[in-house]
Amino acid sequence: LIMQLCLINASLSAELLVTLSPCLCRLGGILSKYKDIEGVVKIEEVDGEELVKKFAEEMEQMLGRKMKSVKRLAEAAEDADFYHEYNETLEFDYYNSMLINTVDEDGNQLPLGGEFPLEKNEHFNKLPVNTQQSNIQVPTNVYNKDPDILNGVYMSETLNDVFIENFQKDSSLTWQYFGSATGFFRLYPGIQWIPDENGVVTYDCRTRNWYIQAATSPKDVVIVVDVSGSMKGLRLTIAKHTINTILDTLGENDFVNIIAYSDYVRYVEPCFRGTLVQADLDNREVTHNTYTSKAAALGQGSLCNQAIMLITDGAMEDFQDVFEEFNWPERRVRVFTYLIGREMTFAENVKWIACNNKGYYTHISTLADVQENVMEYLHVLSRPMVINHDHDIIWTEAYMDSVLFNSQAQSLLLMTSVAMPVFSKKEETLSHGILLGVVGTDVALRELMRLAPRYKYKEGKKLKPKPNYNSVDLSEVEWEDTEEKLRTAMVKGETGTLTLDVRTSVDKGRRVMFQKNDYFYTIINETPFSLGIVLTRGYGQYIFIGNVSVEEGLDDLLAPDLIIANEWTYCETDIDPAHRKLSQLQAVVRYLSGKEPDLECDVELLQQTLFDAVVTAPMEAYWTALMLNTSGVDEGIETLVGFSLSLFLSLHRSFLTSTDKENMFTLDHFPVWYRRAAEHPAGQFLYYMPRQDNRGRGDTFTKQTHTHRHTNTLFAFLFPICPVIKLLCFCLLLSSQDIECYVIDNNGFVLISKQRNNVSLHTQAHTRTDTELEWFLVSDLIKKGDILQPCDTEYPSFIYEPSIKETNSIIKCGRCQKMFVVQQIPESNLLMLVVQADCDCSRQNVSTLLLLLLDPGAHNDSVKCERMRSQKIRRRPESCHAYHPQENADDCGGASFASLSASLFISCLSFSALAS
């Protein structure tokens, strides 16, 4: 039987090879065109070290301009405050972003509203903005006519001119802003702020990472919460909200832990016993039931400010002896106390604890009191920095801006922010260290990526943002760097190179590619950032440069069957406002035709694009003839070309429907068909069946050829499969009750089967063979739950070893045996699989076995805890402002309270000492 199966396979493989010959002939036109201009083609080796150095220098210049803009804002705000006389009875109308362009039931403009012109602007993500005026956002829980708000808004009006001047000097600037310590937020350009479904705006600039990092130095915080019997009902609810609010004021450079006490003391998260955890965004998420933050522990802490936050409804003593022994006279650990509830019996003890430990005391009797009372501790911690006038510029980690524009999803961008604190320079308030607020601007990461264009090197691994998306550690992306050599070098700001063998998943984890990558990295001076680029051995080592006349190239570039990747920056359209409405193709044409010679365009990219357009021009004639001769073509067959990573063409616009976005080139994405062809051996056909509902749309394959025997220059085509389907009917006719015949690709997906619904499915979905075949992709077996949690998931996948031309085996299925033969189809990525069908293996529950292997429960709590407690090297902020001899600590609040034991304070103070 095995011999019979082998003969069938050999016969069918030979038939398939014969059918590929006509398809090869159809490449003649384009290859002939290439040979005509081969003399003007250059293939240059990419110098990764020079490339990363060049990109880093350009990014340094770009980020430097942003820092200069922020400095001008800080200087203007401090000067305005210096000359401003506070007026308790000030009346001042300003543009409130919640109330502008809004009328009441009688058609009258609302107070603090009025007409505020808005116009959609491409530069600001097509949002309606006013580039001539900033406006003010005030959280719903802050009174928008409070004297502090009115005086601050009036004082900061001077920033309007600076905003506009900055934008004129640097047209790549996006949002500029001033976040006030009193709670208002001045934003340029002005916008209409959209409230939530309840008409509420909860956004408070003082809880944003850029504000927190700029306003205070890094801090270690131990939150101590009273969970005794008296802390129940409303008191417990207020306590939980207070913890949440404190956690919201912590950032990437801060460290935290939570301790609960009643008759005994316990860590809310046992895994974090005796240590501090980094307060990044995910780690600060607190559950309603346990208050706990889920985090990766870093026990050393911030090595800067240290504070205990005491949340309680009463303290029966002041614990002076404890503080004398462990915290005085230096008072290195500040204590902030929050008295919960309406009772004031033990208020004096609670206030004494805060005032004698350089902290602040507040009384919180309602949920509405929480926000403003918690913010007081930030003012206290900022005092040493303010008194010393240390204007540290900070850069935030990368984050997804999902809060600022609540209901406008199109504005969500991955970005970083640069910010600087603003201080009062008045002599009479110097010892009080008054923080006025923070100024800043955003830098979309796509702006940085434009300085390192993707057409010059391979794209990185694409990460899908999750809710509350924050920065991702490099070790989670380049996980093959098991010794973390790359991560350590980049964190330390070193310059160097590294080579790694990597496995890259494509097609949403369903397929895998093996690559050898060269990493080049260096620091971006005057910033906390390092830059790394990756070049894949083979085609990633070289760049293909062709040269044709502008006239010839422009003519082909305007062909109706050609589209360029609009998200790539061929020409800068943001510099001149008159260019911002131009598409990239329009800008390219205007530049090349001489109509817009002042446009800043990437000459090297345009040169490559014109060359590609000329070389691929013969495809139009072939495609046209193909479509006119519809007798041999299935309806809906797709034809596509990608060449030198600069453009793609399509005869059928149906290829560009919404369901085909994965097949399009974008700023950070190369389609699967292109990437797989690029990695495929030279001169072979690559068959690819997209994983989507493509019934009736025809089958496709991709062929990659190399134009130089020593290099891997990309030259990928997508053609109709010719008459292959007809010839392979022989295979389908053989399928009977005794034998099943399949054509599968090198990842185990079925291209041809007698059962139509098997096509594009994985072998595991229908052959029901044993795991000995190892052709299972289990991603389809794992059902997604409603709750998103961080996890590590291992996806087994199949890739055929090309050196094995043929193999066979027997699978035992209970009382019978199933025989199969696999044979490689020459010059392709296909395999012929013939399986004995009269032995039923379907009762073996392979799916159950695979799911058992992937059971998240296998990662038990101890493994999870050990992972969270593992320490990674990190670059700490260069400055720390925790102490100043001129600080006036007498301003320590008005009314608050607590109920605990001396042993608790001893443990907390000792804990803080250990963290330092």
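This structure is a prediction, so every number in the text was calculated from the model and none was measured. Quick note: residue numbers are just sequence positions, from 1.
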Query raised in the report: Are side-chain N/O atoms of N166 and Q176 paired as donor and acceptor at under 3.5 Å?
Result: yes
Query raised in the report: Would you find more than 12 non-hydrogen atoms of other residues, nucleotides or ligands less than 6.0 Å from E44 atom CD?
Result: yes
Query raised in the report: Mind checking whether F185 and Y177 have ring centres under 6.0 Å apart?
Result: yes
Query raised in the report: Would you call K54 and E50 a salt bridge, using N to O less than 4.0 angstrom?
Result: no
Query raised in the report: Has Q607 got more than 12 heavy atoms of other residues, nucleotides or ligands less than 6.0 Å from its CD?
Result: yes
Query - Identified side-chain hydrogen bond (donor to acceptor under 3.5 Å, both in side chains) partner of E397 from the options T416, N253, N209 - result: N209
**Report entry** Note: R487-D481 ion pair, threshold 4.0 Å (strictly below)
**Finding:** no
Query raised in the report: Below 6.0 angstrom between ring centroids: does that apply to Y521 and F529?
Result: no
Report summary line: Rounding to 0.5 Å, atoms OG (S217) and CD1 (I394) come to a distance of 11.5 Å
Query - Residues in side-chain hydrogen bond (donor to acceptor under 3.5 Å, both in side chains) contact with T131, at least two apart in sequence or another chain - result: none
Query raised in the report: Would you say the side chain of L486 lies within less than 4.5 Å of the side chain of L474, judging by non-hydrogen atoms?
Result: yes
Query raised in the report: Any ion pair linking K53 and E49 (charged N to carboxylate O, less than 4.0 Å)?
Result: no
Query raised in the report: When the aromatic ring centroids of H579 and Y591 are compared, is their separation below 6.0 Å?
Result: no
Report task. Please answer whether the main-chain N or O of S302 pairs with a side-chain N or O of D254 as donor and acceptor at a distance below 3.5 Å. Result -> no
